[in-house]
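What follows is a short report on a single structure.
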There are 2 protein chains.
Amino acid sequence: MTRPQQTISEKTIERLSVYRRYLKELQKQGKERVYSHELSKLVSGTPAQVRRDLMPVGGNGCSSKGYEVNLLIEEIAKLLDCNDKQNIALIGAGNLGRALLGYLSGSRDNYDIVALFDNDPEKYGRVICGKRCYCIDQLAEKIKEYKITTAILAVPGEAAEATAEILIGTGIKAILNFAPKHITTSSTVFIETLDITKALEKAIYFSRKNT
Amino acid sequence: MTRPQQTISEKTIERLSVYRRYLKELQKQGKERVYSHELSKLVSGTPAQVRRDLMPVGGNGCSSKGYEVNLLIEEIAKLLDCNDKQNIALIGAGNLGRALLGYLSGSRDNYDIVALFDNDPEKYGRVICGKRCYCIDQLAEKIKEYKITTAILAVPGEAAEATAEILIGTGIKAILNFAPKHITTSSTVFIETLDITKALEKAIYFSRKNT
DNA sequence: CTAAAGTTGTGAAATCTTGCACAGCGTGAT
DNA sequence: ATCACGCTGTGCAAGATTTCACAACTTTAG
(Lines give C-alpha, C1' and ligand atoms only; values in the text may rest on other atoms or scores of the structure.)
Protein backbone atom coordinates (compact mmCIF):
# COMPACT_ATOMS: atom_id res chain seq x y z
CA MET A 1 0.00 0.00 0.00
CA THR A 2 2.31 2.71 -1.27
CA ARG A 3 1.33 6.31 -0.75
CA PRO A 4 -0.20 7.79 -3.91
CA GLN A 5 2.04 10.87 -3.65
CA GLN A 6 -0.26 13.01 -5.66
CA THR A 7 0.65 16.64 -5.37
CA ILE A 8 -0.64 18.33 -2.26
CA SER A 9 -2.03 21.83 -2.54
CA GLU A 10 -0.26 24.80 -0.97
CA LYS A 11 -3.21 25.49 1.24
CA THR A 12 -3.16 22.00 2.63
CA ILE A 13 0.54 22.28 3.38
CA GLU A 14 -0.11 25.52 5.24
CA ARG A 15 -2.82 23.96 7.31
CA LEU A 16 -0.71 20.92 8.09
CA SER A 17 1.88 23.25 9.51
CA VAL A 18 -0.76 24.86 11.71
CA TYR A 19 -2.17 21.54 12.82
CA ARG A 20 1.25 20.33 13.80
CA ARG A 21 2.03 23.37 15.87
CA TYR A 22 -1.16 22.80 17.82
CA LEU A 23 -0.56 19.07 18.09
CA LYS A 24 2.77 19.77 19.73
CA GLU A 25 0.99 21.86 22.32
CA LEU A 26 -1.41 19.01 22.96
CA GLN A 27 1.54 16.67 23.26
CA LYS A 28 3.04 18.85 25.97
CA GLN A 29 -0.28 18.83 27.77
CA GLY A 30 -0.24 15.07 27.64
CA LYS A 31 -3.31 14.74 25.44
CA GLU A 32 -3.14 11.54 23.45
CA ARG A 33 -5.93 11.81 20.94
CA VAL A 34 -7.60 14.53 18.94
CA TYR A 35 -10.67 14.80 16.72
CA SER A 36 -10.96 16.45 13.37
CA HIS A 37 -13.50 18.92 14.73
CA GLU A 38 -10.97 20.12 17.29
CA LEU A 39 -8.32 20.72 14.67
CA SER A 40 -10.81 22.40 12.37
CA LYS A 41 -11.21 25.31 14.77
CA LEU A 42 -7.54 26.19 14.31
CA VAL A 43 -8.09 27.19 10.74
CA SER A 44 -11.74 28.18 10.73
CA GLY A 45 -12.45 25.14 8.64
CA THR A 46 -14.74 22.15 8.76
CA PRO A 47 -13.96 18.72 10.14
CA ALA A 48 -14.25 17.36 6.62
CA GLN A 49 -11.50 19.67 5.45
CA VAL A 50 -9.21 18.50 8.22
CA ARG A 51 -9.82 14.88 7.37
CA ARG A 52 -9.09 15.61 3.75
CA ASP A 53 -5.90 17.46 4.65
CA LEU A 54 -4.79 14.49 6.70
CA MET A 55 -5.42 11.96 3.98
CA PRO A 56 -2.03 12.36 2.29
CA VAL A 57 -0.18 11.96 5.58
CA GLY A 58 -1.50 8.44 5.84
CA GLY A 59 -4.85 7.52 7.23
CA ASN A 60 -4.03 6.99 10.84
CA GLY A 61 -7.34 8.19 12.08
CA CYS A 62 -9.32 5.75 14.07
CA SER A 63 -13.08 5.63 14.06
CA SER A 64 -14.63 7.10 17.13
CA LYS A 65 -11.29 7.69 18.83
CA GLY A 66 -9.93 10.31 16.46
CA TYR A 67 -6.25 10.70 15.70
CA GLU A 68 -3.31 9.71 17.84
CA VAL A 69 -1.42 12.91 18.63
CA ASN A 70 2.09 11.49 18.70
CA LEU A 71 1.65 9.47 15.57
CA LEU A 72 0.10 12.37 13.70
CA ILE A 73 2.97 14.68 14.58
CA GLU A 74 5.38 12.08 13.32
CA GLU A 75 3.54 11.57 10.08
CA ILE A 76 3.18 15.27 9.38
CA ALA A 77 6.87 15.70 10.09
CA LYS A 78 7.67 12.94 7.63
CA LEU A 79 5.76 14.83 4.99
CA LEU A 80 6.79 18.37 5.82
CA ASP A 81 10.36 17.93 6.97
CA CYS A 82 11.42 14.57 5.57
CA ASN A 83 13.00 14.02 8.97
CA ASP A 84 15.66 16.46 7.99
CA LYS A 85 16.70 19.54 9.86
CA GLN A 86 16.89 22.28 7.27
CA ASN A 87 19.53 24.96 7.29
CA ILE A 88 18.17 28.40 6.58
CA ALA A 89 19.90 31.61 5.53
CA LEU A 90 18.62 35.03 6.48
CA ILE A 91 19.51 37.81 4.06
CA GLY A 92 19.29 41.30 5.49
CA ALA A 93 20.19 42.17 9.06
CA GLY A 94 18.16 45.34 9.34
CA ASN A 95 15.32 45.88 11.78
CA LEU A 96 13.06 43.33 10.22
CA GLY A 97 15.81 40.78 9.68
CA ARG A 98 16.95 40.95 13.28
CA ALA A 99 13.38 40.73 14.53
CA LEU A 100 12.82 37.64 12.40
CA LEU A 101 16.03 36.15 13.69
CA GLY A 102 14.91 36.58 17.27
CA TYR A 103 11.49 35.31 16.40
CA LEU A 104 12.65 32.21 14.59
CA SER A 105 15.59 31.30 16.76
CA GLY A 106 14.88 29.12 19.70
CA SER A 107 13.93 25.53 19.94
CA ARG A 108 12.83 24.57 16.48
CA ASP A 109 13.60 21.02 15.73
CA ASN A 110 12.95 21.07 12.02
CA TYR A 111 14.90 24.09 10.87
CA ASP A 112 17.62 26.42 11.99
CA ILE A 113 18.87 29.77 10.80
CA VAL A 114 22.56 29.07 10.43
CA ALA A 115 23.86 32.16 8.68
CA LEU A 116 23.12 35.83 8.27
CA PHE A 117 24.06 38.04 5.35
CA ASP A 118 24.17 41.77 4.81
CA ASN A 119 26.03 44.18 2.57
CA ASP A 120 26.68 46.72 5.29
CA PRO A 121 30.29 46.58 6.57
CA GLU A 122 28.97 47.70 9.93
CA LYS A 123 27.12 44.43 10.16
CA TYR A 124 29.04 41.68 8.44
CA GLY A 125 31.92 40.12 10.24
CA ARG A 126 30.04 40.42 13.51
CA VAL A 127 27.84 38.05 15.42
CA ILE A 128 24.26 39.22 15.66
CA CYS A 129 21.79 37.54 17.98
CA GLY A 130 24.15 34.63 18.22
CA LYS A 131 24.53 34.13 14.50
CA ARG A 132 27.51 35.00 12.36
CA CYS A 133 26.82 37.68 9.79
CA TYR A 134 28.60 37.34 6.46
CA CYS A 135 28.99 39.71 3.56
CA ILE A 136 26.59 39.17 0.70
CA ASP A 137 29.57 38.36 -1.49
CA GLN A 138 30.00 35.15 0.42
CA LEU A 139 26.47 33.95 -0.25
CA ALA A 140 27.30 31.28 -2.78
CA GLU A 141 30.23 29.98 -0.81
CA LYS A 142 28.44 29.75 2.52
CA ILE A 143 25.23 28.37 1.10
CA LYS A 144 27.21 25.48 -0.30
CA GLU A 145 29.19 25.08 2.88
CA TYR A 146 26.12 24.91 5.09
CA LYS A 147 24.01 23.04 2.55
CA ILE A 148 21.31 25.70 2.77
CA THR A 149 18.24 25.11 0.66
CA THR A 150 15.91 27.86 1.86
CA ALA A 151 16.51 31.57 2.37
CA ILE A 152 14.59 34.31 4.07
CA LEU A 153 14.84 37.59 2.23
CA ALA A 154 14.48 40.63 4.47
CA VAL A 155 16.14 43.34 2.42
CA PRO A 156 14.67 46.66 1.30
CA GLY A 157 12.33 46.51 -1.66
CA GLU A 158 14.81 48.09 -4.04
CA ALA A 159 17.35 45.37 -3.36
CA ALA A 160 14.94 42.46 -3.37
CA GLU A 161 15.05 41.47 -6.99
CA ALA A 162 18.79 41.67 -7.40
CA THR A 163 19.37 39.75 -4.21
CA ALA A 164 16.87 37.12 -5.22
CA GLU A 165 18.70 36.71 -8.50
CA ILE A 166 21.92 36.03 -6.64
CA LEU A 167 20.17 33.56 -4.38
CA ILE A 168 18.66 31.71 -7.27
CA GLY A 169 22.07 31.59 -8.87
CA THR A 170 23.47 29.80 -5.85
CA GLY A 171 21.07 26.95 -6.46
CA ILE A 172 18.83 27.63 -3.53
CA LYS A 173 15.44 25.93 -3.72
CA ALA A 174 13.00 28.21 -1.91
CA ILE A 175 12.77 31.82 -0.80
CA LEU A 176 10.57 33.40 1.80
CA ASN A 177 10.41 37.02 0.77
CA PHE A 178 9.45 39.88 3.06
CA ALA A 179 10.21 42.67 0.66
CA PRO A 180 7.14 44.43 -0.75
CA LYS A 181 8.02 43.29 -4.22
CA HIS A 182 6.87 40.35 -6.24
CA ILE A 183 9.80 38.34 -7.50
CA THR A 184 9.55 36.77 -10.90
CA THR A 185 11.78 34.01 -12.04
CA SER A 186 11.90 31.50 -14.79
CA SER A 187 13.51 28.93 -12.56
CA THR A 188 11.64 26.40 -10.49
CA VAL A 189 12.62 28.02 -7.22
CA PHE A 190 9.64 28.30 -4.91
CA ILE A 191 9.03 31.86 -3.82
CA GLU A 192 6.60 32.81 -1.11
CA THR A 193 6.10 36.50 -0.47
CA LEU A 194 4.75 37.78 2.82
CA ASP A 195 3.74 41.24 1.84
CA ILE A 196 3.09 43.22 4.98
CA THR A 197 1.72 46.39 3.43
CA LYS A 198 -0.56 44.37 1.22
CA ALA A 199 -1.95 42.59 4.25
CA LEU A 200 -2.38 45.86 6.10
CA GLU A 201 -4.18 47.55 3.25
CA LYS A 202 -6.45 44.57 2.99
CA ALA A 203 -7.24 44.78 6.70
CA ILE A 204 -7.95 48.48 6.34
CA TYR A 205 -10.28 47.84 3.46
CA PHE A 206 -12.28 45.26 5.37
CA SER A 207 -12.33 47.39 8.49
CA ARG A 208 -14.77 49.55 6.61
CA LYS A 209 -16.73 46.81 4.88
CA ASN A 210 -17.56 44.76 7.95
CA THR A 211 -20.58 46.56 9.27
CA MET B 1 -24.32 54.42 -14.03
CA THR B 2 -23.91 53.50 -10.39
CA ARG B 3 -21.24 51.05 -9.43
CA PRO B 4 -22.70 47.59 -8.86
CA GLN B 5 -20.86 47.29 -5.53
CA GLN B 6 -20.97 43.55 -5.51
CA THR B 7 -18.60 42.12 -2.95
CA ILE B 8 -15.02 41.97 -4.09
CA SER B 9 -12.95 38.93 -3.23
CA GLU B 10 -10.08 39.14 -0.77
CA LYS B 11 -7.65 38.08 -3.41
CA THR B 12 -8.70 40.88 -5.70
CA ILE B 13 -8.28 43.39 -2.89
CA GLU B 14 -4.77 42.10 -2.29
CA ARG B 15 -3.85 42.42 -5.91
CA LEU B 16 -5.31 45.90 -6.15
CA SER B 17 -3.00 46.91 -3.34
CA VAL B 18 -0.05 45.51 -5.25
CA TYR B 19 -1.09 47.15 -8.50
CA ARG B 20 -1.37 50.49 -6.79
CA ARG B 21 2.06 50.29 -5.25
CA TYR B 22 3.52 49.69 -8.67
CA LEU B 23 1.38 52.37 -10.29
CA LYS B 24 2.79 54.88 -7.85
CA GLU B 25 6.27 53.94 -8.98
CA LEU B 26 5.24 54.43 -12.58
CA GLN B 27 3.77 57.78 -11.63
CA LYS B 28 7.10 58.86 -10.17
CA GLN B 29 8.79 57.77 -13.36
CA GLY B 30 6.35 59.90 -15.30
CA LYS B 31 4.73 57.04 -17.14
CA GLU B 32 1.17 57.94 -18.09
CA ARG B 33 -0.37 54.73 -19.31
CA VAL B 34 -0.10 51.08 -18.50
CA TYR B 35 -1.39 47.83 -20.01
CA SER B 36 -2.97 44.90 -18.25
CA HIS B 37 -0.16 42.65 -19.34
CA GLU B 38 2.34 44.88 -17.58
CA LEU B 39 0.41 44.78 -14.34
CA SER B 40 -0.12 41.06 -14.60
CA LYS B 41 3.59 40.40 -14.16
CA LEU B 42 3.45 41.91 -10.68
CA VAL B 43 1.33 39.11 -9.38
CA SER B 44 2.27 36.27 -11.69
CA GLY B 45 -1.17 36.50 -13.18
CA THR B 46 -2.68 36.83 -16.61
CA PRO B 47 -3.80 40.03 -18.30
CA ALA B 48 -7.38 38.79 -18.12
CA GLN B 49 -7.13 38.53 -14.37
CA VAL B 50 -5.90 42.09 -14.11
CA ARG B 51 -8.75 43.36 -16.23
CA ARG B 52 -11.21 41.48 -14.10
CA ASP B 53 -9.66 42.86 -10.93
CA LEU B 54 -9.97 46.35 -12.30
CA MET B 55 -13.61 45.99 -13.25
CA PRO B 56 -14.99 46.99 -9.83
CA VAL B 57 -12.83 50.08 -9.70
CA GLY B 58 -14.64 51.45 -12.70
CA GLY B 59 -13.81 50.61 -16.26
CA ASN B 60 -11.38 53.32 -17.09
CA GLY B 61 -9.39 51.25 -19.45
CA CYS B 62 -9.17 52.43 -22.97
CA SER B 63 -8.85 50.12 -25.91
CA SER B 64 -5.40 49.99 -27.34
CA LYS B 65 -4.07 52.67 -24.99
CA GLY B 66 -4.44 50.77 -21.76
CA TYR B 67 -5.12 52.40 -18.42
CA GLU B 68 -4.33 55.93 -17.36
CA VAL B 69 -1.92 55.68 -14.45
CA ASN B 70 -3.06 58.71 -12.48
CA LEU B 71 -6.71 57.95 -12.86
CA LEU B 72 -6.25 54.33 -11.91
CA ILE B 73 -4.40 55.24 -8.73
CA GLU B 74 -7.20 57.58 -7.82
CA GLU B 75 -9.90 55.02 -8.45
CA ILE B 76 -8.12 52.28 -6.54
CA ALA B 77 -7.64 54.69 -3.66
CA LYS B 78 -11.32 55.49 -3.70
CA LEU B 79 -12.07 51.82 -3.33
CA LEU B 80 -9.32 50.83 -0.91
CA ASP B 81 -9.04 53.91 1.27
CA CYS B 82 -12.28 55.78 0.77
CA ASN B 83 -10.09 58.89 0.63
CA ASP B 84 -9.61 58.56 4.35
CA LYS B 85 -6.35 58.37 6.20
CA GLN B 86 -6.73 55.52 8.65
CA ASN B 87 -5.30 55.57 12.13
CA ILE B 88 -3.63 52.33 13.11
CA ALA B 89 -2.64 50.97 16.53
CA LEU B 90 0.30 48.67 17.04
CA ILE B 91 0.02 46.30 19.97
CA GLY B 92 3.30 44.86 21.21
CA ALA B 93 6.55 46.79 21.23
CA GLY B 94 8.89 43.83 21.22
CA ASN B 95 11.40 43.07 18.49
CA LEU B 96 8.83 42.35 15.86
CA GLY B 97 6.60 45.25 16.85
CA ARG B 98 9.42 47.75 16.67
CA ALA B 99 10.59 46.36 13.36
CA LEU B 100 7.10 46.70 11.96
CA LEU B 101 6.91 50.22 13.28
CA GLY B 102 10.07 51.19 11.50
CA TYR B 103 8.95 49.38 8.40
CA LEU B 104 5.51 50.96 8.25
CA SER B 105 6.41 54.44 9.37
CA GLY B 106 7.41 56.83 6.70
CA SER B 107 5.50 58.49 3.99
CA ARG B 108 2.29 56.55 3.71
CA ASP B 109 -0.55 58.71 2.68
CA ASN B 110 -3.37 56.34 3.38
CA TYR B 111 -2.61 55.14 6.90
CA ASP B 112 -0.54 56.03 9.91
CA ILE B 113 0.46 54.19 13.05
CA VAL B 114 -0.60 56.66 15.69
CA ALA B 115 -0.20 54.73 18.92
CA LEU B 116 1.80 51.91 20.42
CA PHE B 117 0.77 49.63 23.26
CA ASP B 118 2.60 47.23 25.51
CA ASN B 119 2.15 45.76 28.94
CA ASP B 120 5.78 46.09 29.94
CA PRO B 121 6.36 49.05 32.30
CA GLU B 122 9.82 49.38 30.77
CA LYS B 123 8.16 50.28 27.53
CA TYR B 124 4.96 52.15 28.11
CA GLY B 125 5.17 55.80 28.97
CA ARG B 126 8.09 56.19 26.63
CA VAL B 127 8.35 57.25 23.03
CA ILE B 128 9.57 54.48 20.74
CA CYS B 129 10.60 55.20 17.17
CA GLY B 130 8.80 58.50 17.40
CA LYS B 131 5.52 57.05 18.64
CA ARG B 132 4.11 57.24 22.13
CA CYS B 133 3.77 53.87 23.82
CA TYR B 134 0.78 53.40 26.10
CA CYS B 135 -0.08 50.73 28.61
CA ILE B 136 -2.43 48.04 27.35
CA ASP B 137 -4.93 49.19 29.95
CA GLN B 138 -5.43 52.36 27.98
CA LEU B 139 -6.37 50.55 24.79
CA ALA B 140 -10.07 51.29 24.84
CA GLU B 141 -9.58 54.88 25.82
CA LYS B 142 -6.93 55.68 23.22
CA ILE B 143 -8.61 53.77 20.44
CA LYS B 144 -11.66 55.95 20.91
CA GLU B 145 -9.58 59.08 21.22
CA TYR B 146 -7.67 58.47 18.01
CA LYS B 147 -10.63 56.92 16.18
CA ILE B 148 -8.58 53.83 15.41
CA THR B 149 -10.31 51.16 13.36
CA THR B 150 -7.47 48.78 12.58
CA ALA B 151 -4.86 47.24 14.86
CA ILE B 152 -1.66 45.35 14.26
CA LEU B 153 -1.13 42.60 16.78
CA ALA B 154 2.53 41.78 17.39
CA VAL B 155 2.43 40.13 20.77
CA PRO B 156 3.72 36.68 21.75
CA GLY B 157 1.53 33.75 20.77
CA GLU B 158 0.40 33.10 24.33
CA ALA B 159 -0.97 36.62 24.67
CA ALA B 160 -2.55 36.83 21.25
CA GLU B 161 -6.01 35.57 21.97
CA ALA B 162 -6.56 37.53 25.16
CA THR B 163 -5.28 40.71 23.56
CA ALA B 164 -7.44 40.17 20.52
CA GLU B 165 -10.45 39.81 22.80
CA ILE B 166 -9.70 43.15 24.37
CA LEU B 167 -9.26 44.73 20.96
CA ILE B 168 -12.54 43.36 19.73
CA GLY B 169 -14.18 44.68 22.86
CA THR B 170 -13.04 48.18 22.04
CA GLY B 171 -15.04 48.06 18.84
CA ILE B 172 -12.11 47.86 16.49
CA LYS B 173 -12.98 46.67 12.99
CA ALA B 174 -9.95 44.81 11.70
CA ILE B 175 -6.86 43.11 13.09
CA LEU B 176 -3.63 42.21 11.36
CA ASN B 177 -2.22 39.44 13.47
CA PHE B 178 1.44 38.39 13.48
CA ALA B 179 1.17 35.95 16.35
CA PRO B 180 1.42 32.29 15.32
CA LYS B 181 -2.08 31.67 16.53
CA HIS B 182 -5.35 31.61 14.73
CA ILE B 183 -7.85 33.93 16.36
CA THR B 184 -11.46 32.88 16.41
CA THR B 185 -14.25 35.27 17.08
CA SER B 186 -17.96 35.35 16.73
CA SER B 187 -17.91 39.05 15.91
CA THR B 188 -17.67 40.49 12.44
CA VAL B 189 -14.19 41.86 13.01
CA PHE B 190 -11.94 41.10 10.08
CA ILE B 191 -8.86 39.19 11.14
CA GLU B 192 -5.91 38.59 8.87
CA THR B 193 -3.12 36.45 10.21
CA LEU B 194 0.39 36.62 8.78
CA ASP B 195 1.85 33.45 10.12
CA ILE B 196 5.57 33.54 9.65
CA THR B 197 6.42 30.04 10.74
CA LYS B 198 3.65 28.65 8.60
CA ALA B 199 5.08 30.45 5.60
CA LEU B 200 8.57 29.26 6.38
CA GLU B 201 7.53 25.64 6.79
CA LYS B 202 5.72 25.88 3.50
CA ALA B 203 8.83 27.22 1.82
CA ILE B 204 10.88 24.43 3.34
CA TYR B 205 8.42 21.84 2.08
CA PHE B 206 8.53 23.14 -1.47
CA SER B 207 12.28 23.52 -1.36
CA ARG B 208 12.35 19.76 -1.54
CA LYS B 209 9.52 19.26 -3.97
CA ASN B 210 10.73 21.59 -6.68
CA THR B 211 13.13 19.40 -8.54
C1' DC C 1 -11.46 54.90 -46.50
C1' DT C 2 -10.08 50.35 -45.42
C1' DA C 3 -7.37 47.14 -43.17
C1' DA C 4 -4.25 45.46 -39.67
C1' DA C 5 -2.64 45.28 -35.09
C1' DG C 6 -3.32 45.49 -30.41
C1' DT C 7 -6.14 46.21 -26.27
C1' DT C 8 -10.30 46.19 -23.20
C1' DG C 9 -14.50 44.01 -21.08
C1' DT C 10 -16.85 39.86 -20.29
C1' DG C 11 -19.62 35.38 -21.11
C1' DA C 12 -18.43 30.77 -20.74
C1' DA C 13 -15.35 26.94 -19.78
C1' DA C 14 -11.95 25.00 -16.92
C1' DT C 15 -9.72 24.36 -12.77
C1' DC C 16 -9.11 24.50 -7.95
C1' DT C 17 -11.07 24.30 -3.30
C1' DT C 18 -14.49 23.44 0.03
C1' DG C 19 -18.55 21.31 2.06
C1' DC C 20 -22.17 17.76 2.21
C1' DA C 21 -23.62 13.34 3.18
C1' DC C 22 -23.27 8.75 3.92
C1' DA C 23 -21.08 4.04 4.24
C1' DG C 24 -18.21 1.67 7.38
C1' DC C 25 -16.16 0.92 11.66
C1' DG C 26 -14.90 0.88 16.70
C1' DT C 27 -16.73 1.76 21.31
C1' DG C 28 -19.54 1.51 25.16
C1' DA C 29 -24.11 0.70 27.03
C1' DT C 30 -27.79 -2.40 27.68
C1' DA D 1 -24.82 -10.16 21.75
C1' DT D 2 -26.95 -6.39 19.99
C1' DC D 3 -27.65 -1.70 19.33
C1' DA D 4 -26.99 3.22 19.30
C1' DC D 5 -23.63 6.67 18.91
C1' DG D 6 -19.93 9.26 17.04
C1' DC D 7 -16.08 9.49 14.24
C1' DT D 8 -13.27 8.66 9.89
C1' DG D 9 -12.61 8.35 4.82
C1' DT D 10 -14.38 9.75 0.51
C1' DG D 11 -17.58 10.19 -3.78
C1' DC D 12 -19.92 13.85 -5.36
C1' DA D 13 -21.94 18.45 -5.54
C1' DA D 14 -21.40 23.22 -4.79
C1' DG D 15 -18.74 27.27 -4.78
C1' DA D 16 -14.82 30.16 -5.80
C1' DT D 17 -11.26 31.55 -8.78
C1' DT D 18 -8.76 31.62 -12.92
C1' DT D 19 -8.25 31.27 -17.78
C1' DC D 20 -9.91 31.20 -22.49
C1' DA D 21 -11.71 33.35 -26.28
C1' DC D 22 -13.97 36.64 -28.77
C1' DA D 23 -16.77 40.95 -29.84
C1' DA D 24 -16.11 45.82 -29.69
C1' DC D 25 -13.19 49.55 -29.91
C1' DT D 26 -8.95 52.70 -30.92
C1' DT D 27 -5.03 53.79 -33.21
C1' DT D 28 -1.84 53.56 -37.01
C1' DA D 29 -0.53 52.55 -41.75
C1' DG D 30 -1.37 52.32 -46.41
Side-chain angles (χ1 to χ4, degrees), chain A residues 1-19 23 26 31-69 71-72 75-76 79 182 198 202 206 209, chain B residues 1-19 23 26 31-69 71-72 75-76 79 182 198 202 206 209:
Chain A
M1 178 233 183
T2 52
R3 194 79 74 269
Q5 195 52 20
Q6 58 189 349
T7 78
I8 306 171
S9 82
E10 285 196 32
K11 301 205 173 181
T12 292
I13 294 296
E14 290 185 8
R15 284 188 297 258
L16 286 174
S17 164
V18 174
Y19 299 151
L23 287 166
L26 291 185
K31 201 151 175 274
E32 288 185 356
R33 309 204 133 264
V34 68
Y35 296 120
S36 62
H37 64 257
E38 298 174 277
L39 292 173
S40 71
K41 287 180 194 139
L42 298 178
V43 293
S44 295
T46 60
Q49 183 177 57
V50 173
R51 296 199 295 270
R52 221 172 257 289
D53 286 339
L54 292 180
M55 240 189 294
V57 312
N60 38 33
C62 176
S63 306
S64 117
K65 285 199 308 181
Y67 299 88
E68 210 181 307
V69 172
L71 183 58
L72 199 47
E75 293 291 336
I76 293 178
L79 188 83
H182 183 83
K198 180 179 86 176
K202 178 173 154 189
F206 284 104
K209 294 297 155 186
Chain B
M1 177 234 185
T2 53
R3 194 80 73 265
Q5 196 51 24
Q6 58 188 350
T7 77
I8 306 170
S9 82
E10 284 194 33
K11 300 206 173 180
T12 292
I13 295 295
E14 290 185 8
R15 285 188 297 259
L16 286 174
S17 163
V18 175
Y19 299 151
L23 287 166
L26 291 184
K31 199 151 178 273
E32 289 185 357
R33 309 204 133 265
V34 67
Y35 297 121
S36 60
H37 65 256
E38 298 174 276
L39 292 173
S40 70
K41 285 178 196 141
L42 300 178
V43 293
S44 295
T46 61
Q49 184 178 57
V50 172
R51 297 199 295 272
R52 223 171 252 290
D53 286 339
L54 291 181
M55 242 190 290
V57 312
N60 39 32
C62 178
S63 306
S64 122
K65 285 198 309 183
Y67 299 87
E68 210 181 303
V69 172
L71 184 57
L72 199 47
E75 294 291 336
I76 293 178
L79 188 84
H182 182 81
K198 179 179 85 177
K202 178 173 153 186
F206 285 104
K209 295 298 155 182

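All values below were derived from every heavy atom in this structure, side-chain atoms included, with hydrogens, water molecules and symmetry-related copies excluded. Each chain gets a letter, A, B and so on, in the order its sequence line appears, and its residues count up from 1.
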Tell me which donor-acceptor pairs under 3.5 Å the side chains of residues 39-50 of chain B have, and how far apart each pair is, sequence neighbours excluded?
| unit_1 | atom_1 | unit_2 | atom_2 | d |
| --- | --- | --- | --- | --- |
| B/Ser40 | OG | B/His37 | O | 2.9 |
| B/Ser44 | OG | A/His182 | NE2 | 2.6 |
| B/Thr46 | OG1 | B/Gln49 | N | 3.2 |

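Protein atom CD of B/Glu75 is 16 Å distant from nucleotide atom C1' of C/dG9, rounded to whole Å. Rounded to whole Å, the distance from CG on A/Leu71 to P on D/dT8 is 14 Å. Spacing between atom NZ of B/Lys11 and atom P of C/dT15 amounts to 17 Å, rounded to whole angstrom units. Between the C1' atom of D/dT17 and the CD1 atom of B/Ile13 lies a distance of 15 Å, rounded to the nearest Å. The interatomic distance linking A/Leu54 (CG) with C/dT18 (P) rounds to 14 Å, in whole Å. Atoms CD (B/Glu10) and P (D/dT18) sit 12 Å apart, rounded to a whole Å. Protein atom CE of B/Met55 is 14 Å distant from nucleotide atom P of D/dT17, rounded to whole Å.
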Show the distances under 3.5 angstrom between N or O atoms of the protein and N or O atoms of nucleotides 26-30 of chain D.
| unit_1 | atom_1 | unit_2 | atom_2 | d |
| --- | --- | --- | --- | --- |
| D/dT26 | O2 | B/Ser64 | OG | 3.3 |

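For A/Ser9, the side chain to side chain donor-acceptor pair (under 3.5 Å) partners at least two apart in sequence or on another chain are A/Thr12. In this structure, B/Lys65 has no salt bridge (charged side-chain N to carboxylate O under 4.0 Å, His left out) partners at least two apart in sequence or on a different chain. Partners of B/Glu10 according to the side chain to side chain donor-acceptor pair (under 3.5 Å) rule, which considers only residues two or more places apart in sequence or in another chain, are A/Lys202. Not counting sequence neighbours, the partners of A/Arg15 by the side chain to side chain donor-acceptor pair (under 3.5 Å) test are A/Asp53. Qualifying side chain to side chain donor-acceptor pair (under 3.5 Å) partners for B/Glu68, counting only residues two or more places apart in sequence or in other chains: none.
For the atom pair CD (B/Glu38) and OH (B/Tyr19), the distance works out to 13.0 Å, reported to the nearest 0.5 Å.
A/Phe206 places a side-chain heavy atom less than 4.5 Å from the side chain of B/Ile13.
Nearest heavy-atom pair, A/Val69 versus A/Leu23, reported as atom, atom and distance to 0.1 Å: CG1-O, 3.6 Å. Among all heavy-atom pairs drawn from A/Arg33 and A/Lys31, the shortest one is O-NZ, 3.2 Å.
Among residues at least two apart or in separate chains, there is no salt bridge (Lys or Arg N to Asp or Glu O under 4.0 Å) pair with a member in residues 42-51 of chain A.
In the region residues 31-43 of chain B, proximity to DNA chain D at under 4.0 angstrom, judged on heavy atoms, holds for none of the residues. Interface residues of residues 44-53 of chain B facing DNA chain C, ordered by number: B/Arg51, B/Arg52; criterion, heavy-atom separation under 4.0 Å.
At a threshold of 4.0 angstrom between heavy atoms, the contacts of A/Ser9 are confined to the sugar-phosphate backbone, with no base atom among them.
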